[in-house]
Amino acid sequence: METKKSELVSIMPYLITIIFVVVLTACLKVVGSAFDLVNIVLLYLFPVLFSAVRWGKGPSFLAAGLGMIIFDFFFVPPVFSLTVSDLRYLISFIVFLSVAGLTASLASKLRRQIRQAEQKEASTAALYALSRKITAISDVDALLQQVLQHISEMLDAKTAIVLPNLMGEQRIEVYPKEDSDWAKDEAHLSISSWVYKHNTSAGRGTQSLRESSNLYIPLDTDHQVHGVFVVDVGQRSMADMPELIRIIEALSDLVAVAISRVKLADEAKVAQLTAESEKLRTALLDSLSHELRTPLAAIIGSVTGLLESEAIFSPEDRRELLLTIREGATRMNRLVGNLLGMVRIESGMMRLNRQWCGIEDVVGVALVQLRDALQQRKVTIHIPPELPSVSLDDVLIEQVLINIISNAIKYSPVGSEIAIEARHDGDRLELWIKDEGTGIASADRARVFEKFYRGEATKHIPGTGLGLAICKSIVEAHGGRITAIPNEGKGTIMILSFPLQFAEKDGNGNDSFRSENFNY
């Protein structure tokens, strides 16, 4: 059935050409008396031109030959005979055939050039569309799928890309996925290996494996082969293969450049991560060396004094040394806690243990732990009693408050005031912590919550730069926000904002929680 349909399609141009000549002859027979023979023979060039432009040389030469015979039979004396009464008509026939043949050749050539121009325009548009589609892709798997799907639809053929992995084996991406077996047999893999190793095309239309139905193109850039592009071109005519190979090679170059770009981007990311890791490691070691040395020296000195000169110390002196030891140990414990907290946050191991609690209880516990560190600083607390309870992980929020208040102590003079206020702002509860310290420069305000970041004005004060980064992660894990703004006059205000959640009964009569700002 398919063969008969194909044969019908192939002879259709010739049938239409014959019908065109016959209809033209019938019309000329009706009105032919109004035309000279020269005009009539010129009209027979119309089927020649139409057939040449529409179908090529074959139908156009048929139109020229058939037109000359019919013109001789119906219009040249003697009529209804293929003989001529005047031999000069033979010259006219030769001129007609020559003009018709030349016209058919030129028209056919023009048609072929138009078709080639259209193909080049289509291939250029396809290359442009593919380049736009893959420009922003940074993942190799997504890149290969986009490329294979686009090229498969463009060429109306099955396509595959064979990539070597780190173990020397071959990794294959095929599109469409349902026809994935054709590119995975041993024959395809061995040919792909040969093309990859020799960086040479093979398959139909090339010097190697000309009888194959597939075309194998190496994906190479700057003498580096990234893989092999395989296209199932079927049994397309050898006359069409040069243009098809040119298009496929252009697509292969684009794919090779895209794969190289993704690989270079991955290498750049690895290099950047390595550099950042080294930078963080250096910053961490520097911070630890400075932060641990001071409390360790104080602890060692105090313990040594108590052990070696216990008799000369009064009870008040021994108490002061013990307080020094506790302060140093507390400082070291806080530093280790911050480091462990950052590790838990970075590794995704931090889990919230939420409980309903009043914010005044959390603030009170944090201040009790910082009682010795306050050092004659005045602390004022303003928390309205009507504030609603809030669902928090009280241990983590206590760590947040300890870090913030410790910073306020560290960067403010002795005798200054630290104010803590709580406010109910719509569906959020806000906690304001104000100090009268050195403040944060406007240029540093946006970066103080980054890991290991230290402002230029405070680098002389010991610190790791981890405290506020941990605070930000914990507060955001609660669905809240933390911001730093300048205090009026001098110092800084740290604002913690948490969404309020309200208890309501579920279908079983148990309490459930809802919040418009945070999914709990």
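Residues forming a ring pair (Phe, Tyr, Trp, His ring centres under 6.0 Å) with Phe71 (at least two apart in sequence, or on another chain): none. For Asp220, the side chain to side chain contact (heavy atoms under 4.5 Å, CB included) partners two or more places apart in sequence, or in a different chain, are Asn199, Val225. Scanning for side chain to side chain contact (heavy atoms under 4.5 Å, CB included) contacts around Thr25 gives Val21, Tyr44, Ile70, Phe74, Phe75, with sequence neighbours left out. Remark: Ile16 pairs with Met12, Trp55 by the side chain to side chain contact (heavy atoms under 4.5 Å, CB included) rule, at least two apart or across chains. Looking at residues two or more places apart in sequence or on another chain, you find a side chain to side chain donor-acceptor pair (under 3.5 Å) between Arg246 and Glu243. Contacts of Ser98 classified as side chain to side chain contact (heavy atoms under 4.5 Å, CB included), with partners at least two apart in sequence or in another chain: Ile94. For the side chain to side chain donor-acceptor pair (under 3.5 Å) test, residues two or more places apart in sequence or in another chain that qualify with Arg423 are Glu421. The side chain to side chain donor-acceptor pair (under 3.5 Å) check on Thr17 picks up Ser51, with sequence neighbours excluded. In this structure, Glu398 has no side chain to side chain donor-acceptor pair (under 3.5 Å) partners at least two apart in sequence or on a different chain.
No side-chain heavy atom of Asn214 sits less than 4.5 Å from a side-chain heavy atom of Ile191. Side chains of Ile433 and Leu401 form a contact here, defined as non-hydrogen atoms less than 4.5 Å apart. Taking 4.5 Å as the limit, some side-chain heavy atom of Leu144 sits within range of a side-chain heavy atom of Ile259.
Expressed to the nearest 0.5 Å, how far CG of Asn403 lies from NZ of Lys410 amounts to 9.0 Å. In this structure, the separation between CD1 on Ile151 and CD1 on Ile161 is 6.5 Å, given to the nearest 0.5 Å. Interatomic distance, CG of Asp425 versus CD1 of Ile495, reported as 10.0 Å (0.5 Å rounding). Ile397 contributes atom CD1, which lies 11.5 Å from atom CD1 of Ile402 (distance to the nearest 0.5 angstrom). Interatomic distance, CG of Leu496 versus CZ of Arg428, reported as 11.0 Å (0.5 Å rounding).
For the residue pair Gly426 and Leu500, the shortest heavy atom distance occurs at O-CD1, 4.1 Å. The nearest pair of heavy atoms linking Val228 to Ser192 is CG2-O, 3.4 Å.
A donor-acceptor distance shorter than 3.5 angstrom exists from the side chain of Ser152 to the backbone of Ala157, with no hydrogens or angles considered.
Under the ring-ring contact (aromatic ring centres under 6.0 Å, His included) test applied with Phe20, the options Phe46, Tyr14, Phe50 reduce to a single match, Phe50.
By the neighbour-count criterion of 12 heavy atoms within 6.0 Å, atom CD of Gln113 is densely surrounded, having more than that number from other residues, nucleotides or ligands.
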Would Ser201 and Glu249 satisfy side-chain contact (heavy atoms from CB on, under 4.5 Å), going step by step from the backbone distance to the final call? CA-CA 9 Å; Ser201 301; Glu249 286 180 344; 4.3 Å; yes

I'd like to know whether Thr483 forms a side-chain contact (heavy atoms from CB on, under 4.5 Å) with Phe449, so could you lay out the CA-CA distance, the side-chain angles of the two residues, the decisive distance to 0.1 Å, and finally the verdict. CA-CA 9 Å; Thr483 54; Phe449 297 102; 5.7 Å; no

Side-chain donor-acceptor pairs of residues 263-272 under 3.5 Å, sequence neighbours excluded:
{"residue": "Lys263", "atom": "NZ", "partner": "His226", "partner atom": "ND1", "Å": "3.4"}
{"residue": "Gln272", "atom": "NE2", "partner": "Glu276", "partner atom": "OE2", "Å": "3.3"}

